[in-house]
Amino acid sequence: MHPAIYEALVLGVMGSSGVGAGLLLGVRQAIPLAIVALGTTTVLRVWTAFAVWSFGVPSWNFEVWLVGSAALLMAGIATHWRQWRVGVAALGIFAGLSVASLSTKYLLDIGERHHSDISKVLGVALVVVQGDLDDLSQAAGSYKRGIAYPLMLALGPEGRILGGFTPLVFLMTLLLASWLARQFLPSSVSNRMLGLVALGIAAFSVTVPIFRAAMFYLNGHTLMGFGVLLLVGGLLLARRDRHFGSLPATFVLLGGVIGMTARIEGVVMVLVVIAALVGQQFWSQSVQRIRLFAVLSLTGLSLTWWISSLDSPVLDRVGLPENGLQLLVGLSIVGAALAAVPWIDPVRRFFLPAFAVALAFLLGREVWQSGDPVSLILAQWPNLGLGAGGWGTAAHVFVASAVLLGLRRRSSDYRLLLALSAMLIGAILYSKTFDGGFGREGFYDSVNRMWLHVMPTILLTALIGYSEVVKNAFGSTEKRSPSRRGPDKLVSAN
């Protein structure tokens with residue numbers, strides 16, 4: 001069978017099972033359902049792999065994922081067949097982006113962008129996973145590069161990776177950012193106005209070398225950025241509607257699991273968004289608290305399941321004691337329960353500021369204790385400021401935009417996104433301290449490439465901020481967006 005046909009069939013299974021899972025989770029809109037489809041099939045792949053590894057039957061890896069995919073599809077059809085129009089529309093979106101992704105490889109012949117690190121990712125994907133090895137030490141030792149991405153690459157034809165997956169993640173990320181921007185902009189910002197802003201950002205982005213490479217870059221950074229944006233999107237949707245409904249909960253769950261397993265440093269980034277979510281003030285209904293507990297506990301337990309199923313040495317690497325795994329399990333459950341109980345409601349508003357202060361303190365301590373604080377602070381200046389990292393003028397434009405757009409006349413959504421972007425940047429730097437320092441000069445420096453994790457969130461920030469400026473300059477009096485429903489209507493919808 002031609003590799004393109006094989007990949008098309010696999011992507012078809014991913015899309016159809018993902019749509020079925022999304023319907024089961026209560027997603028009822030075509031665009032977010034297509035986005036959720038990619039997230040659910042990735043999480044299913046991760047969880048089924050952990051299951052077969054835990055039971056010592058790695059040779060069942062692909063078969064269990066395939067059976068699970070079929071089960072989700074059939075369950076979705078059996079219980080939500082009346083939603084067939086939404087399901088077909090979502091599947092059409094997924095199929096269209098899949099065709100575009102495969103076309104870049106098999107029609108346009110665009111090769112993947114990679115470097116020496118990818119040999120370890122490919123080794124896990126093609127040797128360990130596709131090869132059904134009983135010896136999982138190679139996968140266990142490659143924890144820095146995550147497990148979700150090599151598991152998805154391993155779905156390709158025998159001896160080959162799933163080449164259409166990375167471009168698909170990139171395109172889905174753009175779709176997610178565009179859809180979220182539309183949700184949080186008032187109706188007075190027309191689609192044409194938003195499209196012009198997006199076109200301007202796209203025109204600038206093609207001048208940045210690392211942005212041009214991201215769609216075809218063989219590493220988990222693009223998947224990590226997708227997971228973080230799902231988390232941020234779930235937070236913003238719940239905050240807007242003051243209700244943790246089906247769609248926000250699904251976004252947070254999928255983004256949390258992907259973020260925890262796509263890259264090991266994603267743990268800190270996931271915690272940033274969780275702190276912002278738990279710090280919201282709308283937790284008045286029991287169903288919302290139960291959802292929050294379920295989402296947070298499953299997110300934390302996914303990390304511990306990854307570590308235990310592979311017997312990963314990551315706990316030793318970060319200095320946790322021998323019973324560190326049991327501590328993580330307990331922390332995942334107890335922490336999720338504490339986040340959901342009403343006892344902490346009076347202090348919720350302090351969660352995000354407290355996390356920001358703690359993160360700043362940890363970064364400051366790292367600088368203070370270093371032998372050369374100035375060099376440490378300026379470690380990324382050649383990459384971001386002088387272009388050595390392939391970022392062109394992206395960092396300059398980001399800082400200039402934050403200054404020029406200001407805060408006073410911007411929406412609360414924009415201000416929160418800007419704060420989250422800054423904290424996520426800090427989380428990236430802090431996670432790197434476990435390897436020592438804040439990185440080094442060069443395109444292939446880990447920190448330099450990890451900036452891709454926060455780029456989708458910065459993209460959403462820019463789309464909203466510049467659209468608000470354009471609306472104020474050329475638009476009419478702001479109208480209330482029809483998508484900004486109150487909590488009562490959202491309860492009935494979910």
Side-chain angles (χ1 to χ4, degrees), residues 43 45-59 61 115-154 218-221 223-224 227 256-271 298-333 335 362 366 427-440 444-447 449-450 453:
V43 171
R45 175 64 165 161
V46 167
W47 283 350
T48 54
F50 293 170
V52 298
W53 289 338
S54 298
F55 285 102
V57 284
S59 60
N61 211 313
H115 66 101
S116 58
D117 273 3
I118 194 58
S119 62
K120 296 182 179 180
V121 176
L122 294 180
V124 174
L126 300 180
V127 178
V128 178
V129 182
Q130 277 196 7
D132 298 332
L133 291 187
D134 292 325
D135 182 5
L136 301 175
S137 58
Q138 184 176 352
S142 188
Y143 58 84
K144 284 177 57 178
R145 291 156 192 86
I147 195 63
Y149 187 65
L151 280 171
M152 297 308 295
L153 293 184
L218 282 181
N219 212 311
H221 301 299
L223 181 61
M224 183 69 216
V257 175
I258 291 173
M260 287 285 191
T261 58
R263 299 277 302 186
I264 192 62
E265 64 269 9
V267 174
V268 186
M269 303 184 73
V270 169
L271 290 177
L298 286 173
T299 298
L301 290 173
S302 294
L303 173 65
T304 59
W305 200 4
W306 169 21
I307 296 171
S308 64
S309 65
L310 289 177
D311 194 19
S312 173
V314 64
L315 296 182
D316 295 333
R317 180 67 181 82
V318 297
L320 289 180
E322 292 184 0
N323 62 340
L325 190 62
Q326 291 81 359
L327 290 175
L328 284 179
V329 171
L331 184 62
S332 298
I333 298 175
L362 291 171
E366 189 71 21
I428 290 173
L429 290 174
Y430 176 67
S431 65
K432 182 59 178 175
T433 61
F434 291 100
D435 281 337
F438 293 159
R440 55 182 172 77
Y444 293 118
D445 169 57
S446 294
V447 175
R449 292 175 284 125
M450 284 159 60
H453 302 176

query = Less than 4.5 Å apart, any side-chain heavy atom of Y149 and any of L218?
reply = yes
task = Check step by step if side chain to side chain contact (heavy atoms under 4.5 Å, CB included) holds for F50 and I147.
result = CA-CA 10 Å; F50 293 170; I147 195 63; 3.8 Å; yes
query = Which pair of non-hydrogen atoms, one from V127 and one from L133, has the smallest distance, and what is that distance?
reply = O-CG, 3.4 Å
remark   = In this structure, NE2 of H221 is separated from CZ of R263 (nearest 0.5 Å) by 4.0 Å
task = First locate atom CG of L362, then atom CG of L429, and finally report the distance between them rounded to the nearest 0.5 Å.
result = 12.5 Å
note = So the salt bridge (Lys or Arg N to Asp or Glu O under 4.0 Å) pairs with at least one residue in residues 46-58 (sequence neighbours excluded) are none
message = Quick one, E265 with K432, criterion side chain to side chain contact (heavy atoms under 4.5 Å, CB included). Give me CA distance, side-chain angles, the key distance, then yes/no.
response = CA-CA 8 Å; E265 64 269 9; K432 182 59 178 175; over 6 Å; no
request  = Return the set of residues passing side-chain hydrogen bond (donor to acceptor under 3.5 Å, both in side chains) with W53 (not counting sequence neighbours), or none when no residue passes.
outcome  = none
By side chain to side chain contact (heavy atoms under 4.5 Å, CB included) - contacts of T304 (at least two apart) = L301, L325, L328, V329, S332
Point-to-point distance, once rounded to the nearest 0.5 Å, from OG of S446 to CG of N219 = 8.5 Å
query = Within the distance-only criterion (no hydrogens, no angle test), does the side chain of D445 pair as donor or acceptor with the backbone N or O of R440 below 3.5 angstrom?
reply = yes
query = Which residues satisfy the side-chain hydrogen bond (donor to acceptor under 3.5 Å, both in side chains) test with S59, sequence neighbours excluded?
reply = none
key: Closest contact, heavy atoms only, V270 versus G256   = CG2-O, 4.0 Å
inquiry  = I want to check something: taking the side chain as every heavy atom from C-beta on, are I258 and V43 in contact at a cut-off of under 4.5 Å?
reply    = yes
ask   = Are M224 and M450 close enough that some pair of their side-chain heavy atoms sits under 4.5 Å apart?
value = no
query = Using a distance-only test with no angle check, is there a side-chain donor-acceptor pair under 3.5 angstrom linking W47 and S302?
reply = yes
key: Non-neighbouring partners of V268 that pass side chain to side chain contact (heavy atoms under 4.5 Å, CB included), sequence neighbours left out   = A427, Y430, S431
task = Output the distance between atom CG (L310) and atom CD (Q138), rounded to the nearest 0.5 Å.
result = 11.5 Å
ask   = Closest heavy-atom contact between A154 and A125?
value = CB-O, 3.3 Å
key: Rounded distance (nearest 0.5 Å) linking atom CG of L223 with atom CG of L151   = 10.5 Å
note = What one should report as the nearest heavy-atom pair of S54 and S309 is OG-CB, 3.5 Å
query = Between W306 and V46, does a side chain to side chain contact (heavy atoms under 4.5 Å, CB included) hold up when you go through it step by step?
reply = CA-CA 9 Å; W306 169 21; V46 167; over 6 Å; no
Validation row: T261, L303 side chains within 4.5 angstrom (heavy atoms) = no
inquiry  = How close do P150 and G146 get, counting heavy atoms only, and between which atoms?
reply    = CG-O, 3.7 Å
request  = Check salt bridge (charged side-chain N to carboxylate O under 4.0 Å, His left out) between R45 and all other residues, then give those that pass, not counting sequence neighbours.
outcome  = none
